[in-house]
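Single-structure report; data block below.
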Amino acid sequence: MNTETDFSTLNSEASSDWSTDVLIIGSGAAGLRAALAASESTDVTLITKTTLKESNTLYAQGGIAVAMNVDDTVDLHVKDTCSAGCGLCDIQVVETMVAEGIPRVNELLEWGADFDWEGTLPRFTQEAAHSRRRIVHKGDATGRETTDVLVQRVLNTERIQVISNAFAVDLLTDAVSSTDDNSTTCYGVSAIIEGQLKYLYAKATILATGGLGRLYPCTSNPEVATGDGFAAAWRAGCELIDMEFVQFHPTTLFLDGAPSFLISEAVRGEGGRLINIRGERFMDKYHEKGELAPRDVVSRAIQNEMFQTDFPCVYLDITHKPADFIQERFPTIFATTKRYGLDINIDLIPVRPGAHFMMGGIRTNAETETNLRGLYACGEVACTGVHGANRLASNSLLECLVFGVRAGTNAASYASSLTCESPPKIQIEKCETEANTIGLGDDVILELKDAIRETLWENVAIERYQEGLELTLSDLEEIGAELNLHPSSSMSIQTTDVGLCETVNMLIVAWVITHAALTRDESRGAHFRADFPDEDETGWQKRTVMAQDKEPEFVKLRSN
Ligand code: SIN
């Protein structure tokens, strides 16, 4: 069996280089599943920012949406996904995800995933905006179960080499030497490993670095989610699409001394009620589906209640359910809140919205190809168009499994098609700018990160408006000045300071999100403009594409 390995153990010649056929960056469900698929035909190296298990996947509570229940069909799941996506989903890619999701989930079950079961079928639960009970789950720890199964399999696969504590910095491309703008090829990544900048060369590279919730002060995401993959892709010349669509989950725990922690939508799916500080149940005022309205509607309603009552949170009440049901169905939430003094059998849970999921990302087709040859992307960092303007609950793990396999298979076949023995050893040109050599203390880095988070929370969160968005762009430029770079910078990074890299990455991604949000002067899905509160059905049935040194471009949806 393999283990998670330190680079120096693996690379005993102490060279700063490493070569592989397929390099996978990120170890959430998408990266792990891609590694397993690619390893069926080629050698794979998987690098991860901290440990193999740490990712957004690990913390996913709800489950995996899949059309396997007796009263369910692929068509119904496609319909619910597209209706949550508010007219911006690519229906053909949605059909692919929903149909291929069934064998992907069956495969997980065959590999030993111990999901909750009822008779001959998984016990399907209900979540918002689903017309059927279709969420397979393991209590409220589906992400942990999925991670455990995939990690075990990866570690048992000889052809997969895992390198932990490797912070991917910049994609290695031949952009400088290439004469043709449209033919940039990616050959791996530079990474900070054991305090040094190393080059990891690959015939094919897959970005599966996950999300960016940590750009906001309130989030359900773990500390690693600082948007690094989006920023590296931006610097390398990738197109980013739909970046204005950040999903805010309505219910993250708001408790003194407790970390930001998700309180699953499944709690509302099982009958949980939202009430304000005055004890009033309020969701029926906002939507016919009450607590199970789409996430953006519930998040805005909560924010409004907080404002109306001048109180920093609302409450989720599940106390009317039997205690043994609560403990069995939500063991993680029960245990975590207990640690901070709450007994959810009798106590209300203080909650408020937090950044949860990025619908946009690196533009890919259904084959997970990006606009750089040899570079693939899957999972949250990628945008195939399956989520449109708002993701349906529990479609994210499904996306990771389906497009993880597609990325792994396609990258392996591309790598095998190359005639070269090993990938070319691209060097990143040294640019001795202050941004790269600057030595900022840890306290300054924390201050800059907080400043990015504050301005995003204030102006680029649940409700946006033009003046606020413009203010944030100028705040970001000021923060950039401290780092001696413009927030849209495409300059490669040569520092070995992970905190500094994260700050630069957060700045770039914050700028792209804000710019995209300013461009879309309508409200749709997770993007709500208080100054343009309605959906512009005719003018804005299109997606926003951003790339370095270019004005935003708009792509019309394929006619389906
Ligand atoms: C949740 O459990 O509420 C989150 C599930 C999801 O984001 O799909």
Side-chain angles (χ1 to χ4, degrees), residues 28-30 55-66 77 80-81 84-85 94 97-98 101 105 115-116 123-130 132-147 210-213 216 218-222 225 245-253 260-272 274 283 289 291-299 302 316 318 326 329-334 336-337 344 349 351-359 379-380 386-402 525-526:
S55 74
N56 261 346
T57 297
L58 184 68
Y59 301 90
Q61 294 180 8
I64 309 177
V66 63
H77 190 176
D80 290 347
T81 300
V94 175
M97 174 179 78
V98 170
V105 169
F115 294 142
D116 292 355
R123 184 184 298 165
F124 297 99
T125 193
Q126 180 77 52
E127 284 183 337
H130 285 275
R132 293 288 183 279
R133 289 182 83 90
R134 66 163 67 97
I135 321 295
V136 296
H137 59 95
K138 161 86 175 169
D140 58 1
T142 313
R144 182 170 294 276
E145 182 64 16
T146 306
T147 302
L212 49 70
Y216 291 84
C218 301
T219 178
S220 60
N221 291 189
F245 298 112
V246 181
Q247 184 176 80
F248 288 81
H249 195 288
T251 56
T252 61
L253 184 64
S260 227
F261 174 75
L262 183 69
I263 305 294
S264 176
E265 188 155 290
V267 176
R268 281 173 284 131
E270 298 290 359
L274 285 165
M283 268 317 299
K289 290 193 173 148
E291 275 84 359
L292 291 182
R295 284 184 184 168
D296 59 302
V297 176
V298 184
S299 291
I302 292 177
L316 185 56
I318 188 79
I326 293 177
R329 181 64 185 83
F330 302 114
T332 315
I333 296 173
F334 181 82
T336 306
T337 45
I344 64 172
I349 314 171
V351 290
R352 66 176 181 181
H356 184 57
F357 185 84
M358 172 43 111
M359 267 71 71
E380 191 171 345
V386 280
H387 304 307
N390 212 355
R391 174 173 67 76
L392 188 65
S394 288
N395 265 358
S396 58
L397 290 180
L398 186 74
E399 173 191 27
C400 289
L401 297 174
V402 169

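All residue numbers in this chain count up from 1 along the given sequence. First listed ligand is number 1; within each ligand, the first listed atom is number 1. This structure is a prediction, so every number in the text was calculated from the model and none was measured.
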Practice problem: Evaluate the criterion side chain to side chain contact (heavy atoms under 4.5 Å, CB included) for residue pair F330 and E270; output intermediate values, then yes/no. | Solution: CA-CA 10 Å; F330 302 114; E270 298 290 359; 3.8 Å; yes
Quiz item: Is the closest side-chain heavy-atom distance between L316 and E291 below 4.5 Å?
Solution: no
Exercise. Could you list the residues that satisfy salt bridge (Lys or Arg N to Asp or Glu O under 4.0 Å) with E127, not counting sequence neighbours?
Key: none
In a simple table, one pair per line, please give the protein and ligand 1 atom names for every N or O pair closer than 3.5 Å, along with the distance.
{"unit_1": "ligand 1", "atom_1": "2 (O)", "unit_2": "G62", "atom_2": "N", "d": "2.8"}
{"unit_1": "ligand 1", "atom_1": "2 (O)", "unit_2": "S264", "atom_2": "OG", "d": "2.7"}
{"unit_1": "ligand 1", "atom_1": "3 (O)", "unit_2": "H249", "atom_2": "NE2", "d": "2.7"}
{"unit_1": "ligand 1", "atom_1": "3 (O)", "unit_2": "E265", "atom_2": "N", "d": "2.6"}
{"unit_1": "ligand 1", "atom_1": "7 (O)", "unit_2": "R295", "atom_2": "NH1", "d": "2.9"}
{"unit_1": "ligand 1", "atom_1": "7 (O)", "unit_2": "R295", "atom_2": "NH2", "d": "3.3"}
{"unit_1": "ligand 1", "atom_1": "7 (O)", "unit_2": "H356", "atom_2": "NE2", "d": "2.6"}
{"unit_1": "ligand 1", "atom_1": "7 (O)", "unit_2": "R391", "atom_2": "NH2", "d": "2.8"}
{"unit_1": "ligand 1", "atom_1": "8 (O)", "unit_2": "R391", "atom_2": "NH1", "d": "2.8"}
{"unit_1": "ligand 1", "atom_1": "8 (O)", "unit_2": "S394", "atom_2": "N", "d": "2.5"}

Self-check item: Atom pair CG/OG1 of L401 and T146 - distance to nearest 0.5 Å
Solution: 7.0 Å
Quiz prompt | Donor-acceptor pair between T142 and H137 side chains, under 3.5 angstrom | solution = no
Exercise. Indicate, with yes or no, if the rings of H387 and F245 have centres closer together than 6.0 Å.
Key: no
